[in-house]
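Notes for the one structure printed next.
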Amino acid sequence: MLIRPMRTRLVGLAMLAGLMTSFSAPAVEAAPRPDITKDLFGTLSDGTQVWRYTLTSGVLRVRIITYGGIVQRLDAPDKHGHQANVVLGFPDLAGYVEKNNPGPYFGALIGRYANRIAKGTFTLDGKTYHLPINNDPNSLHGGTKGFDTKVWNATPGRTSDEVSLRLDYTSPDGEMGYPGTLKATTTYTLRGSALRVDYQATTDKATVVNLTNHSYWNLGGEGTGGIYGNRLQLNASHYTPVDSTLIPTGQIAPVAGTPMDFRRPTAVGARIRDDFQQLAYGQGYDHNWVLDGSGFRLAARVSDPDSGRVLSISTDQPGIQFYSGNFLDGTLYGTSGHQYRQGDGLALETQHFPDSPNHPAFPSTVLRPGQTYRTATSFAFSAH
Ligand code: GLA
């Protein structure tokens with residue numbers, strides 16, 4: 001089904017009513033222009049104000065807060081045109097400050113290094129660096145106070161067919177143990193029915209960088225139950241097996257003949273409890289898939305048969321972490337007040353491979369002065 005904005009439908013009805021009473025020429029309804037507004041989301045204990053930007057384009061509405069650059073809500077229509085919030089999150093700033101890290105990292109920008117670095121240690125140009133161990137025995141998602149906890153400087157933008165929110169954060173040399181002053185920019189752009197995220201970073205010393213967004217999707221609507229019935233397709237013939245601490249072994253293994261094979265659309269839950277050692281380590285899927293091809297290409301597609309919503313993710317990254325919400329244990333209550341249990345959302349984090357700084361054979365995550373780190377991921381929505 002073609003998604004048609006509710007407003008257009010109402011206008012259609014009004015036009016029909018108008019035609020029934022008179023024969024005047026119906027007005028032509030122009031598509032509403034993409035728009036961006038802001039409101040105060042909350043205030044941190046140090047007095048810093050956190051703003052929430054609302055981006056609208058066509059039938060999509062996305063809400064992003066300056067704390068952690070978090071996608072706090074994303075409303076998209078189902079096959080009947082009914083809107084629902086399809087990302088997990090919290091209703092207020094306190095939720096994000098107190099429960100998101102340590103915790104699920106709902107919707108957040110992750111840096112400086114998305115995913116795990118073994119034992120929080122890596123060596124670059126002969127020097128060894130130590131990062132906070134926050135996921136024993138490893139360093140996860142940039143350390144205890146990663147980019148997901150920073151207040152980003154926001155600059156809204158708007159053209160006739162898109163709206164954007166540019167977020168800037170400068171990470172001081174040595175922050176969370178990483179070398180170099182890292183100037184990071186993330187731009188969310190909403191155009192048509194796709195949200196695009198562009199990441200850029202520069203450094204003044206050799207460092208490592210791996211940025212992503214950690215949204216959890218539930219295409220049936222946040223708080224409505226599990227995602228095991230969602231059909232997932234991953235454009236990947238290989239994945240990186242992990243050890244019991246979810247660090248890649250270094251092997252690049254074929255997915256063929258294993259529950260890791262999502263080359264054809266398959267229900268997330270179809271094989272999640274199979275007797276397959278990799279699935280036991282993280283209580284479900286929590287792995288990096290090695291994307292086929294190169295350049296900006298389709299990486300993943302998720303569809304929810306009940307609502308008809310489809311999410312297509314494209315990226316230029318070499319990998320994607322598919323995490324089936326295994327550690328949601330019922331202790332958190334989300335945006336609409338519902339309890340989040342295991343498998344109530346799934347994350348698809350486009351990325352370089354976990355622990356790359358310790359695996360010279362993996363694509364490099366090293367960024368040097370004079371170079372610019374650039375990557376993009378797009379989340380496109382449809383319903384049928
Ligand atoms: C990532 C990790 C998971 C888990 C979540 C947050 O996706 O790979 O193991 O830590 O973040 O809960």
Side-chain angles (χ1 to χ4, degrees), residues 68-71 87-90 95-120 131-149 176 210-218 222 226-227 232 234 236 239-249 260 268 272 278-290 299-300 302 313 315 317 319-334 339-356 358 362 365 377:
I70 290 168
V71 175
V87 294
L88 271 51
F90 296 111
Y96 290 103
V97 173
E98 291 161 18
K99 301 173 195 158
N100 215 28
N101 175 4
Y105 300 85
F106 289 148
L109 295 180
I110 306 292
R112 295 185 183 192
Y113 198 97
N115 218 298
R116 292 172 178 78
I117 294 187
K119 302 195 169 56
L131 316 167
I133 308 295
N134 58 343
N135 188 242
D136 198 31
N138 305 313
S139 191
L140 175 68
H141 292 332
T144 42
K145 292 268 169 232
F147 286 6
D148 58 289
T149 66
M176 291 288 114
N210 189 25
L211 306 181
T212 195
N213 172 279
H214 205 297
S215 288
Y216 287 61
W217 306 100
N218 185 327
E222 167 275 333
I227 48 77
L232 172 69
L234 294 173
Y239 74 107
T240 49
V242 291
D243 66 17
S244 62
T245 74
L246 302 180
I247 291 291
T249 59
M260 314 304 273
V268 168
I272 200 167
Q278 286 292 314
L279 291 173
Y281 290 142
Q283 296 178 34
Y285 296 101
D286 195 355
H287 295 80
N288 170 66
W289 270 256
V290 178
V302 194
I313 302 178
T315 187
Q317 286 288 295
I320 193 166
Q321 184 86 4
F322 162 43
Y323 168 59
S324 49
N326 314 326
F327 304 128
L328 298 173
D329 60 3
T331 51
L332 299 176
Y333 289 77
Q339 189 184 39
Y340 289 153
R341 299 190 190 139
Q342 190 178 48
D344 278 359
L346 61 86
L348 288 161
E349 307 146 57
T350 54
Q351 61 181 5
H352 268 59
F353 304 171
D355 199 31
S356 294
N358 294 309
F362 287 175
T365 52
T377 294

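Order of appearance sets the numbers: ligands from 1, and atoms from 1 within every ligand. Numbers here are sequence positions counted from 1. All figures in this text were calculated on a predicted structure; none of them were measured in a lab.
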Proximal ligand 1 atoms for Leu140, defined as those under 4.0 Å from one of its heavy atoms: 10 (O)

Asn288 side, atom CG; Phe322 side, atom CZ - distance, nearest 0.5 Å: 13.0 Å

Proximal ligand 1 atoms for Glu349, defined as those under 4.0 Å from one of its heavy atoms: 7 (O)

Heavy-atom side-chain contact between Phe362 and Pro248 under 4.5 Å: yes

Audit row: Thr365, Tyr113, side chain to side chain contact (heavy atoms under 4.5 Å, CB included) steps and yes/no: CA-CA 9 Å; Thr365 52; Tyr113 198 97; 3.7 Å; yes

Side-chain touch Gln278/His287, heavy atoms, less than 4.5 angstrom: yes

Ligand-side contact atoms (ligand 1) for residue partner Gly103, heavy atom cut-off under 4.0 Å: 6 (C), 12 (O)

Arg116: numbered ligand 1 atoms lying under 4.0 Å from its heavy atoms: 2 (C), 3 (C), 8 (O), 9 (O), 10 (O)

Which segment of Tyr216 sits under 4.0 Å of ligand 1 when only heavy atoms are counted: side chain

Criterion side chain to side chain contact (heavy atoms under 4.5 Å, CB included) on Ile70 and Phe106, from CA distance to verdict: CA-CA 7 Å; Ile70 290 168; Phe106 289 148; 5.7 Å; no

Aromatic ring pairing Tyr323/Phe327, orientation class (parallel under 30°, perpendicular over 60°, tilted between): tilted

Numbered atoms of ligand 1 (with element) below 4.0 Å of Gln321, judged on heavy atoms: 8 (O)

Nearest neighbour of atom 3 (C) of ligand 1 from the list Asn288, Asp286, Ile110, on a heavy-atom basis: Asp286

Ligand 1 contacted by Ala347 (non-hydrogen, < 4.0 Å): no

Distance-only N or O hit between ligand 1 and Tyr105, under 3.5 Å: no

Candidate pair Asn138 and Ile247, rule side chain to side chain contact (heavy atoms under 4.5 Å, CB included), full reasoning: CA-CA 8 Å; Asn138 305 313; Ile247 291 291; 3.3 Å; yes

